[in-house]
Amino acid sequence: MLEAAGLRFEAAAAAVDEASIKEAAQAEAIPAADTALMLADAKAERIARRHTEALVIGCDQLLVSEAGWFDKPVDLAAARAQLQALRGRTHQLVTAIVCHRHGQRIWQHVAVPRLTMRDVSDSFLDVYLAAEAAAVTQSVGAYRIEGPGVQLFSKVEGEHAAILGVPLLALLGFLRQHGVLLS
Ligand SMILES: Nc1nc2c(ncn2[C@H]2C[C@H](O)[C@@H](COP(=O)(O)OP(=O)(O)OP(=O)(O)O)O2)c(=O)[nH]1
């Protein structure tokens, strides 16, 4: 997405124990937006230690529904169970992004797209999961909205890029304001 937007960057995975941060946040009833910001910060801080002069962008996304918070499903069985819990309901993709420079968070933003999933049948899920296979484990919602996953929904509210994990318009606005991009 960043490449398609014309940005030059390096991607780096941050070794952060997200599960324990999420568990602690839920135990302390920390809101999803603050939890996603904490996770994005933890990833950015980790990378910034290795790239002290860089502008580091960190992201994280939580799926929040009436049935609770969901992470990326570990396998197809978990993806099926997750989709059965989400169907017929609206869920939010709480998507946090932060920018760090010289050891400080200099910008933050949280986008919260809302997606209303149809009450899809089990036979629909059989066909969908057989077609999507391992791709559904790469996404917190067990769907790729840019692919067949769009068939799951009756209504989508919010920025497409934010659903894919990066609130791009807000990021580009910050990068212009910060002098990284031309206005
Ligand atoms: N391609 C695609 N990705 C999606 C969609 N919905 C959510 N995602 C992705 C965006 C995020 O990268 C991911 C969920 O965020 P996570 O923070 O759990 O995983 P992430 O891949 O950001 O890295 P992480 O493993 O947390 O370091 O799911 C979608 O419809 N299509």
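Predicted, not measured: the structure shown is a model, and the values here were computed from it. Start at 1 with the first residue, then count along the sequence.
- Looking at residues two or more places apart in sequence or on another chain, you find a salt bridge (charged side-chain N to carboxylate O under 4.0 Å, His left out) between D71 and K22.
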Check the pair D119 / R89 against salt bridge (charged side-chain N to carboxylate O under 4.0 Å, His left out), numbers first and verdict last.
CA-CA 8 Å; D119 191 9; R89 291 173 156 157; over 6 Å; no
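- Residues L86 and L63 form a side-chain contact, since some pair of their non-hydrogen atoms from C-beta on lies under 4.5 Å apart.
- Under the side-chain contact (heavy atoms from CB on, under 4.5 Å) rule, Q61 has a single partner from V140, V94, V110, which is V140.
- Under the 4.5 Å side-chain contact rule for hydrophobic residues, V127 and L125 do not share a cluster.
- Across every non-hydrogen atom of L37 and A96, the tightest pair is N-CB, 3.6 Å.
- Remark: S121 pairs with S123 by the side chain to side chain donor-acceptor pair (under 3.5 Å) rule, at least two apart or across chains.
- Shown here for S65 and H91, the closest heavy-atom pair between the two residues is CB-CB, 3.8 Å.
- Note on F174: it does not cluster hydrophobically with V56, by side-chain heavy-atom contacts below 4.5 Å among ILVMFWY residues.
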Run F9 and I57 through side-chain contact (heavy atoms from CB on, under 4.5 Å) and show every step you take.
CA-CA 10 Å; F9 62 96; I57 302 168; over 6 Å; no
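- Looking at S20, its side chain does come within 3.5 Å of a backbone N or O of D17 through a donor-acceptor pair.
- Residue E146 places its CD atom among more than 12 non-hydrogen atoms of other residues, nucleotides or ligands, all under 6.0 Å distant.
- Between V98 and K43 the shortest side-chain heavy-atom distance does not fall below 4.5 Å.
- Closest approach of V166 and I97 over heavy atoms only: CG1-CD1, 4.0 Å.
- Scanning both residues, T95 and G165, for their nearest heavy atoms gives CG2-O, 3.4 Å.
- Between the CD atom of Q82 and the OG1 atom of T137 there is a distance of 11.0 Å, given to the nearest 0.5 Å.
- I47 and A13 get closest at one heavy-atom pair: CD1-O, 3.6 Å.
- Linking Ile, Leu, Val, Met, Phe, Trp and Tyr whenever their side-chain heavy atoms come within less than 4.5 Å leaves F70 and I21 in two separate clusters.
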For side-chain contact (heavy atoms from CB on, under 4.5 Å), just list the numbers for V136 and K72, CA-CA rounded to whole Å, side-chain angles, deciding distance to a tenth of an Å, and then say yes or no.
CA-CA 8 Å; V136 295; K72 289 183 278 196; over 6 Å; no
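- Classification of D122 and R87 as a salt-bridged pair holds, one side-chain N sitting under 4.0 Å from a carboxylate O.
- Residue L2 holds its CG atom at 13.0 Å from CD of E10, rounded to the nearest 0.5 Å.
- The environment of CZ in R50 is crowded: more than 12 heavy-atom neighbours from other residues, nucleotides or ligands sit within 6.0 Å.
- Connection of V180 to L172 is established within a shared hydrophobic cluster, with ILVMFWY side chains joined at heavy-atom distances below 4.5 Å, either directly or through further cluster members.
- Residues meeting the side chain to side chain donor-acceptor pair (under 3.5 Å) test with H160, sequence neighbours left out: none.
- Side-chain contact check for Q84 versus V120: every heavy-atom pair is 4.5 Å or farther apart.
- Here R118 contributes atom CZ and F124 contributes atom CZ; the two are 5.0 Å apart, rounded to the nearest 0.5 Å.
- The side-chain heavy atoms of M1 and L164, taken from C-beta on, include a pair separated by under 4.5 Å.
- Using a 4.5 Å cut-off on side-chain heavy atoms (C-beta onward), Q26 and W69 make contact.
- Expressed to the nearest 0.5 Å, how far CG of L93 lies from CD1 of I163 amounts to 6.5 Å.
- Interatomic distance, I145 CD1 to Q151 CD, rounded to the nearest 0.5 Å: 11.0 Å.
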With side-chain contact (heavy atoms from CB on, under 4.5 Å) as the criterion, how do L171 and H109 come out once you've worked through the C-alpha distance, each side chain's angles and the decisive distance to 0.1 Å?
CA-CA 8 Å; L171 173 64; H109 180 79; over 6 Å; no
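- Taking the six-membered ring for Trp and thresholds of 30 and 60 degrees, Y143 and F153 have ring planes more than 60 degrees apart, a perpendicular arrangement.
- Taken from CD in E66 to CD in Q92, the straight-line distance is 10.0 Å, to the nearest 0.5 Å.
- Both L39 and V112 are assigned to one and the same hydrophobic cluster, defined by single-linkage of ILVMFWY side chains at heavy-atom distances under 4.5 Å.
- Annotation: side chain of P113 is not in contact with side chain of E159 (no heavy-atom distance under 4.5 Å).
- Shown here for A133 and L76, the closest heavy-atom pair between the two residues is O-CD2, 3.5 Å.
- Under the 4.5 Å side-chain criterion, counting only non-hydrogen atoms from C-beta, H178 is in contact with R101.
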Could you check M117 against T90 for side-chain contact (heavy atoms from CB on, under 4.5 Å), going step by step and ending with a plain yes or no?
CA-CA 6 Å; M117 192 176 288; T90 296; over 6 Å; no
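- Inter-residue side-chain proximity for L7 and L175 is flagged as met; some heavy-atom pair is nearer than 4.5 Å.
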